[in-house]
Amino acid sequence: MTPFNHPDQFDVTVIGGGHAGCEAALAAARLGVKTLLLTQDLDTIAAMSCNPSIGGVGKGQLVREIDALGGEMGKITDFSMLSCHMLNTSKGAAVRSPRAQCDKRMYQAAMKTALERQPNLRLVQDEAAAILTRAGRACGVATARGTRYASRTVVLTAGTFLRGLIHIGLDTFPGGRYNHPPSSLLSKSLTELGFKLGRLKTGTPMRLHARGIDFSKCDRQEPDAPPAPFSHFTAKITNPQLPCWITRTNAATAAAIRAGLHLSPLYSGKINSTGPRYCPSIEDKVVKFPHHGAHHLFLEPEGFGTEEYYVNGLSTSLPEGTQAEIVRSVPGLEKAEIMRAGYAIEYDFSDPSQLDYTLETRPLPGLFMAGQVNGTTGYEEAAGQGLVAGINAALSVLGREPLVLRRDEAYLGVMIDDLVSKGIDEPYRIFTSRAEYRLMLRTDNADLRLSGRGLELGLLDPALKKSFGAYQAAVADLLAGRKPKALPRGPWKAAKARATAAIEKTYALYIERNRKEAEKMKKFEHLRIPADFDYPAIKALPNEARHKLEKNKPLTLAQAGRIPGVTPADIQLLWVLLEKRRGGLK
């Protein structure tokens, strides 16, 4: 193979065309820097490899935040939506979250079109093989074809492709997803660059043909009417909405699973890596929760123009024959045809404690990481990280201040802080329960929290500035008991202002308590810890705290306080030592 140095110099090169890669590439290009997106297959950009759904508890908040900052996921979800629900409507405003089934082909096609039409962005189909470096910084990418792309920064969004290995029963074969080859060379490159890699596992259910499903034996789940848009900039959902269906497993299902456990890669020892605790396989449900006689299954359409149904709740890596027995045991699925078998996949990830809060890596400046390569699971978590990584890669090229979101500002801030300061021991998924300030981080106020930042960055159309300012003023007037002025034309309506103000008034005491706590923590956020701070030398710290602090290297005292194993007493000692170092205490 003859190496070829591509003649163009890029500012940001994004590796991977999944949900993280799409948001990263769009954000960087929209900030005006020359951007390259490398992906193995241009026809699988934004593929919904598992459930073709967007949103959920915590995840819906992430999508609203992505949209408020100028990302694309919310708009594409609204365009391809086929069934939408607002979850937790009977509960408080902090945990209400939108979730939508999407037509997966419409979603893919719309995202690919957005990328293709974006100025400053070039798309290339090739496999990234190595991160190039110069003087201790990332300086480009070498591909499997031997092409070398020079780039001032690189964003790695490899998903489940790093040494991906697929399991169906006791059969295994390489793959980043079914029928798509893994990326086997990049892991070697990362290891040689000094990155600590680990292995994680995830899985997906089988897909069924609609003609074999007896829907009369299932409970019909109607979509919301009218469906609520995800994007602040969508006036109305125009797609027809389809129902989903609910059925349940039973004793016969459990018996079929137990009979096949010796052929399960999870229980035969073939898989040793950790999977997502909050989305267990049906094998795990039966083995670990034997007191549950039945488990709900949700039959969800994969698109308007397909007969495929996704069986939510039936993730499995059992052999195909056992999968067929399981399906036939379920009411309504006795004659169902499996179109695609379920499978598990193992893949490499990079320990997220190696990241800075901008998602730039500490071992190699100029390299950013986003998505499942950081140990997360889910399209929304990936897209949110991709947006932040793409923004910060571009800002570093432009010499501008980075975007770092606090825990009291956004679920994006909660997620990134959790990853960086705590690391992971299982695939990370966002939940409202992870946010201590969740009453301040609602779906209804994502724009009030973040659209100002989107306008400042230049990711939102400057023409929106006037209408957004008027909306902010209207909410403030309503909270103060004043009659708001008429809102100018734009996406922010009077009804929305009234709804948000009403929520703020209802929870005013609790929100004020949240704000005071957040203000108290801000002083610790500003107390930076020098990079050369010698934790091992502080003998007054317990061994566990010294080890955790030395490993994670927190940038601020607040970040140190969020590391598991570091106590308030440890933080108080660190504060005294830092103040003494600065001469503030005698």
Side-chain angles (χ1 to χ4, degrees), residues 10-28 33 35-41 45-46 121 123-124 126-134 136-144 147-164 176 182-200 347-377 381-394 396-397 416 419-420 424 428:
F10 292 93
D11 294 313
V12 177
T13 293
V14 178
I15 300 172
H19 301 277
C22 291
E23 295 291 353
L26 287 168
V33 301
T35 306
L36 169 68
L37 174 62
L38 282 174
T39 182
Q40 285 185 350
D41 187 351
I45 278 176
L121 177 58
L123 309 181
V124 173
D126 199 353
E127 178 186 347
I131 308 297
L132 301 176
T133 64
R134 184 187 302 116
R137 285 187 60 86
C139 68
V141 178
T143 75
T147 303
R148 297 163 66 92
Y149 292 94
S151 184
R152 296 172 67 183
T153 59
V154 176
V155 182
L156 176 59
T157 68
T160 59
F161 278 72
L162 293 181
R163 292 199 311 125
S183 177
S184 300
L185 300 172
L186 267 178
S187 288
K188 181 174 181 288
S189 175
L190 292 171
T191 301
E192 290 173 347
L193 289 168
F195 285 90
K196 178 184 174 184
L197 303 184
R199 296 284 278 177
L200 291 175
Y347 55 94
D348 288 348
F349 78 102
S350 175
D351 184 342
S353 64
Q354 300 170 105
L355 297 168
D356 202 342
Y357 288 81
T358 61
L359 296 183
E360 186 173 19
T361 64
R362 296 181 186 181
L364 185 63
L367 175 64
F368 296 74
M369 290 187 181
Q372 284 179 280
V373 71
N374 288 337
T376 59
T377 181
E381 290 88 343
Q385 291 171 73
L387 179 71
V388 173
I391 288 171
N392 282 322
S396 70
V397 169
I416 292 171
L419 292 172
V420 175
I424 64 155
Y428 178 95

> What are the two closest heavy atoms between Phe349 and Gln372, and how far apart are they?
Replying inline: CB-O, 3.8 Å
>> Counting C-beta onward and ignoring hydrogens, is there a side-chain heavy-atom pair between Leu36 and Val141 closer than 4.5 Å?
In response: no
> So which heavy atom on Cys22 is nearest to which on Gly17, and how close?
Replying inline: SG-O, 3.5 Å
> From Leu190 CG over to Ile131 CD1, what is the distance, rounded to the nearest 0.5 angstrom?
Replying inline: 6.0 Å
> Looking at Ala130 and Leu186, what are the two nearest heavy atoms and their distance?
Replying inline: N-CD2, 3.9 Å
> Are any side-chain N or O atoms of Glu360 and backbone N or O atoms of Gly366, one a donor and one an acceptor, separated by less than 3.5 Å?
Replying inline: yes
> Is there a donor in the side chain of Ser353 and an acceptor in the side chain of Asp351, or the other way round, less than 3.5 Å apart?
Replying inline: yes
> So how far is it from Gln354 CD to Arg362 CZ, rounded to the nearest 0.5 Å?
Replying inline: 9.5 Å
> Going through the distances and angles, do Leu367 and Thr133 end up as a side chain to side chain contact (heavy atoms under 4.5 Å, CB included)?
Replying inline: CA-CA 10 Å; Leu367 175 64; Thr133 64; over 6 Å; no
> Nearest heavy-atom pair of Ala27 and Gly390: which atoms, and what distance?
Replying inline: CB-C, 4.3 Å
> Will you find, in the side chains of Thr358 and Asn392, an N or O donor that is under 3.5 Å from an N or O acceptor?
Replying inline: no
>> With rounding to the nearest 0.5 angstrom, report the CG to CD1 distance, Leu123 to Ile45.
In response: 5.0 Å
> Checking side chain to side chain contact (heavy atoms under 4.5 Å, CB included) against Leu121, which of Val14, Val33, Thr35 comes through?
Replying inline: Thr35
> Rounded to the nearest 0.5 Å, how far apart are CG of Leu132 and OG of Ser189?
Replying inline: 8.0 Å
> Do you know the tightest heavy-atom contact between Leu37 and Gly21?
Replying inline: CD1-O, 4.3 Å
>> Has Thr157 got a side-chain atom pairing as donor or acceptor with Ile15's backbone, closer than 3.5 angstrom?
In response: yes
> If you look at every heavy atom in Ser187 and Leu197, which pair is closest and at what distance?
Replying inline: O-CD1, 3.7 Å
>> Could you check whether Gln385 and Thr376, counting side-chain N and O atoms only, form a donor-acceptor pair closer than 3.5 Å?
In response: yes
> With a 4.5 Å heavy-atom cut-off, do Leu200 and Ile424 have their side chains touching?
Replying inline: yes
> What distance do Thr143 atom OG1 and Arg148 atom CZ have between them, rounded to the nearest 0.5 Å?
Replying inline: 10.0 Å
> Could you give the distance from OG1 (Thr361) to CZ (Phe368), rounded to the nearest 0.5 Å?
Replying inline: 8.0 Å
>> Would you say CZ of Arg199 has more than 12 non-hydrogen atoms from neighbouring residues, nucleotides or ligands within 6.0 angstrom?
In response: yes
>> Show, in sequence, the C-alpha distance, side-chain angles and deciding distance for Leu364 and Phe195, and conclude whether the side chain to side chain contact (heavy atoms under 4.5 Å, CB included) test is met.
In response: CA-CA 9 Å; Leu364 185 63; Phe195 285 90; 4.0 Å; yes
> So, the side chain of Arg163 versus the backbone of Ser184: is there a donor-acceptor pair under 3.5 Å, distance only?
Replying inline: no
